[in-house]
Amino acid sequence: MSTYNFDYLDELEAEAIHILREVAGQFEKPALLFSGGKDSITLVRLAEKAFRPGKFPFPLVHIDTGHNFQETIDYRDKMIERIGEKLIIGSVQESIDQGKVVEQTGRNASRNALQTVTLLDTIAKYEFDACIGGARRDEEKARAKERIFSVRDEFGQWDPKRQRPELWNIYNGKIHKGENVRVFPISNWTELDVWNYIRRENIELPSIYFSHQRDCITRNGQLMAASPFLNMDNEDVVVNKQVRFRTVGDMSCTAAVESEAILIDDIISEISASKISERGARMDDKVSEAAMEDRKKGGYF
């Protein structure tokens, strides 16, 4: 009888591919949420392994705040051209223009929270019944409460007290009309797992993940990329720093870390020694102890 010796990355990959194929089999109109960050980029590679040489059985969906890093948008467009898949863009600016959300004001204003309305409108417009995302349990305590198949009600809201049991990798995709499911194929991965997989698969990433020179200001104890999106004033002192970003999001809430890491091996060593999670560089998570959970209950991914 043959035996198979999978290393842990093979096991994580096999689980994620199984989940992606379950989504394709159980849902009529799934979508893959794509941010341009390393986790959603990893999901694209996993989808290629799950469905090639055929086309993906779902489009990619990017909720564009209009305040993204240009490097991320450039990467997104280049990647879509390479893989030849459909991209749907939900625009936060359009939501603002239509009066559905109100632009925040003040020193710490951000469009990050406004994404929820745009996301829910995009789901409703295209009638998506499952949205695949790259959230992982190790990122934040609210995300640790999620199941792989996480049901949202007809208003897009999440109730952490009504989570389905998932035993023996059996995923229940049955939903009522109006409900949808958020699916997390790499929920069991860690930040280091993702980076080791990226190294193994030789996956290209946006340049902001690697050390580079950038004008920054210090805001609330965090290094932020100097940008008009930050509502900068005379108190903000711009300094040039050698930095990189551990996570990619809206420029108004995504902090940099000082780093000399220009190679993936350097990044892996740096993360291994760090005592701060990657979400520690997200200003939107610092609003309150339950900031992420509150946003998720309202429909945030």
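Counting from 1, the numbers follow the sequence of the chain as shown.
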Please confirm whether the backbone N or O of Q222 pairs with a side-chain atom of N220, one donor and one acceptor, at under 3.5 Å?
no
Result of checking H67, R107, M224 against L230 for side-chain contact (heavy atoms from CB on, under 4.5 Å)
M224
For residues M79 and L60, determine if any side-chain heavy atom of one lies less than 4.5 Å from a side-chain heavy atom of the other.
yes
Taking D121 for its side chain and T118 for its backbone only, find out whether a donor-acceptor pair lies under 3.5 Å.
no
Whether E28 and K177 form a salt bridge (side-chain N of Lys/Arg under 4.0 Å from carboxylate O of Asp/Glu) is what I want to check.
no
Ring geometry between H18 and Y171 (parallel below 30°, tilted from 30 to 60°, perpendicular above 60°)
tilted
Any R200 side-chain heavy atom under 4.5 Å of E13 side chain:
yes
Residues passing the salt bridge (Lys or Arg N to Asp or Glu O under 4.0 Å) test with R45, sequence neighbours excluded, are E48, E201
Of all the heavy-atom pairs spanning I41 and G36, show the shortest one and how long it is.
CD1-O, 3.5 Å
Taking the six-membered ring for Trp, is the centroid-to-centroid distance between F58 and F51 below 6.0 Å?
yes
A quick test of your reading: do over 12 heavy atoms of other residues, nucleotides or ligands sit less than 6.0 Å from CD of Q70?
yes
Taking the six-membered ring for Trp, are F149 and F27 ring centroids under 6.0 Å apart?
yes
Is there a chain of hydrophobic side chains (I, L, V, M, F, W, Y, each step under 4.5 Å between heavy atoms) that links L205 to L263?
no
Would you check if F69 and T254 make a side-chain contact, meaning some heavy-atom pair closer than 4.5 Å?
yes
Measuring only between side-chain heavy atoms, which start at C-beta, is R152 closer than 4.5 Å to E179?
no
Neighbour count above 12 (heavy atom, 6.0 Å) for K55 NZ:
yes
With sequence neighbours left out, which residue pairs that include part of residues 256-266 fulfil the salt bridge (charged side-chain N to carboxylate O under 4.0 Å, His left out) condition?
R199-D265, K241-E258
Determine the minimum heavy-atom distance between G37 and V248, stating which atoms define it.
CA-CB, 4.1 Å
Assess the residue pair R52 and E85 against the criterion (salt bridge (Lys or Arg N to Asp or Glu O under 4.0 Å)); give the C-alpha distance rounded to whole Å, side-chain angles, the decisive distance to 0.1 Å, and a yes or no.
CA-CA 12 Å; R52 291 295 190 240; E85 299 292 342; 2.7 Å; yes
May I ask you to decide whether K125 forms a salt bridge with E94, counting only side-chain N to carboxylate O separations under 4.0 Å?
no
Can you establish whether the number of heavy atoms outside K86 located under 6.0 Å from its atom NZ is more than 12?
no
Any chance the side chains of N240 and D215 put a donor and an acceptor closer than 3.5 Å?
yes
Do you reckon L33 sits in the same ILVMFWY cluster as I73, going by side-chain contacts under 4.5 Å, direct or chained?
no
Is F210 reachable from V243 through a run of I, L, V, M, F, W or Y residues, each pair having side-chain heavy atoms under 4.5 Å apart?
no
If you look at every heavy atom in I88 and T122, which pair is closest and at what distance?
CG2-CG2, 4.3 Å
Here the pair of heavy atoms bringing L12 nearest to N188 is CD2-O, 4.2 Å
D64 side-chain N/O to S91 backbone N/O, donor-acceptor pair under 3.5 Å:
no
Same cluster for F229 and L223 if Ile/Leu/Val/Met/Phe/Trp/Tyr side chains link at under 4.5 Å?
no
Side-chain touch Q104/S252, heavy atoms, less than 4.5 angstrom
no
S211 and Q242 have their tightest heavy-atom pair at OG-NE2, 2.9 Å
Close side-chain approach of Q26 and V181, heavy atoms under 4.5 Å:
no
Under 30°, 30 to 60°, or over 60°: which ring-plane class applies to F34 and Y75, parallel, tilted or perpendicular?
parallel
Out of curiosity, does V102 fall in the hydrophobic cluster containing L120 (side-chain heavy atoms, cut-off under 4.5 Å, transitive links)?
no
Compare all side-chain heavy atoms of I264 with those of Y209 and state whether any distance is below 4.5 angstrom.
no
Minimum heavy-atom separation for L20 and L43, please, with both atom names.
CD1-O, 4.5 Å
Do D39 and W189 make a side-chain contact, defined as non-hydrogen atoms from C-beta onward lying under 4.5 Å apart?
no
